[in-house]
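Working notes, beginning with the structure itself.
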Amino acid sequence: AQSVTQLGSHVSVSEGALVLLRCNYSSSVPPYLFWYVQYPNQGLQLLLKYTTGATLVKGINGFEAEFKKSETSFHLTKPSAHMSDAAEYFCAVTVNTNAGKSTFGDGTTLTVKP
Amino acid sequence: EAQVTQNPRYLITVTGKKLTVTCSQNMNHEYMSWYRQDPGLGLRQIYYSMNVEVTDKGDVPEGYKVSRKEKRNFPLILESPSPNQTSLYFCASSLGQGGGMNTEAFFGQGTRLTVV
């Protein structure tokens, strides 16, 4: 079975600062990795995903993430935070051998200070 | 517009009164799933369905039922709700194609359920 750990349930940055949200996964087979964002009173929407190929993936709103197999990590970054980035972020992993089930991390709430 | 629609968005009910939360998707997705979201626990899968008439338990299935009679609909049924089922519920769908959720998942807006 797979698992996901998001380090830090709350992250606070100043507007314009680097955003770094950490995600580590565990999987015995090649994983598919996702980052989702949840704004208040809304469902989750996809930010970016890694399936195969290039390990640095770019998503919407200037976010990107790098798949590092040796570190079993898929950290989410953005060079310069905007106030509109304040939301909850979820990392998720899926493997084909487990009926395609997705396992989500506990989430990280990002606060952006003016 | 591609979307997953859940109803109702908000629901307050009493212990033991059967309820159904509907979920419908218009993307012809094979894979559908229900999650509950609780503070500090992230999203936990309740049930999932890989296709019509194919459903299976997720991580927290106790107290819930589902059905998948049509590809587009995947209702969540609470036959005898209890206060510990107070939560925020999300329905999601994905293309699937036998690989489950290895493609993007589309989520509904959520249903906030309170059981008193």
Side-chain angles (χ1 to χ4, degrees), chain A residues 1-10 21-25 27 29-53 57 59-60 65 67 74 87-109, chain B residues 1-7 9-10 21 23-25 27 29-51 54-61 88-112:
Chain A
Q2 68 268 31
S3 66
V4 175
T5 301
Q6 289 184 238
L7 298 172
S9 58
H10 291 86
L21 304 183
R22 300 177 187 273
C23 172
N24 286 91
Y25 70 91
S27 171
V29 298
Y32 300 90
L33 296 160
F34 304 82
W35 275 100
Y36 291 88
V37 61
Q38 184 182 29
Y39 298 105
N41 298 314
Q42 295 188 26
L44 282 71
Q45 57 181 279
L46 184 71
L47 268 181
L48 49 79
K49 65 181 179 183
Y50 169 79
T51 53
T52 58
V57 294
I60 61 172
F67 170 58
F74 191 58
E88 189 162 17
Y89 292 80
F90 291 92
C91 182
V93 60
T94 302
V95 298
N96 281 342
T97 57
N98 192 17
K101 177 185 171 180
S102 274
T103 299
F104 286 80
D106 290 345
T108 298
T109 299
Chain B
E1 179 189 355
Q3 60 184 3
V4 178
T5 303
Q6 289 178 235
N7 280 297
R9 291 288 310 277
Y10 302 91
V21 184
C23 174
S24 180
Q25 50 95 2
M27 295 167 279
H29 283 168
E30 291 184 354
Y31 192 100
M32 297 186 74
S33 182
W34 276 102
Y35 294 88
R36 60 179 288 174
Q37 183 179 18
D38 301 290
L41 297 178
L43 275 78
R44 294 179 292 169
Q45 191 179 50
I46 303 170
Y47 268 94
Y48 65 93
S49 169
M50 297 186 76
N51 215 325
V54 180
T55 63
D56 207 348
K57 296 176 181 179
D59 297 318
V60 289
L88 179 58
Y89 292 86
F90 287 102
C91 179
S93 74
S94 176
L95 192 58
Q97 296 292 353
M101 287 176 66
N102 57 355
T103 56
E104 176 184 358
F106 291 79
F107 284 81
Q109 294 282 74
T111 296
R112 188 167 293 280

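Chain identifiers are assigned alphabetically (A, B, ...) following the order of the sequence lines, protein sequences preceding nucleic acid strands; residue numbering begins at 1 within each chain.
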Worked check of side chain to side chain contact (heavy atoms under 4.5 Å, CB included) between B/Cys91 and B/Met32: CA-CA 7 Å; B/Cys91 179; B/Met32 297 186 74; 4.0 Å; yes
Region of B/Arg112 in contact with chain A, defined by heavy-atom distances below 4.5 Å: neither
Region of A/Gln38 that comes under 4.5 Å of a non-hydrogen atom in chain B: side chain
Heavy-atom pairs under 4.5 Å with chain B, option from A/Leu44, A/Leu46, A/Thr109 with the top count: A/Leu44
B/Arg44 atom CZ, neighbour heavy-atom count above 12 within 6.0 Å: yes
B/Phe90 and B/Phe107 aromatic ring geometry - parallel, tilted or perpendicular at 30°/60° bounds: perpendicular
Region of B/Gln6 that comes under 4.5 Å of a non-hydrogen atom in chain A: neither
Donor-acceptor contact below 3.5 Å, side chain A/Tyr36 vs main chain A/Phe104: no
Among B/Asp59, B/Asp56, B/Asp38, residue most engaged with chain A (heavy-atom pairs, under 4.5 Å): B/Asp59
Side chain, backbone, both or neither of B/Leu43 within contact of chain A (heavy atoms, under 4.5 Å): both
The single option from B/Tyr35, B/Trp34, B/Tyr31 passing ring-ring contact (aromatic ring centres under 6.0 Å, His included) against B/Tyr48: B/Tyr31
Under 4.5 Å from a heavy atom of chain B, the part of A/Glu88 involved: side chain
4.5 Å side-chain heavy-atom contact, B/Met27 and B/Leu95: no
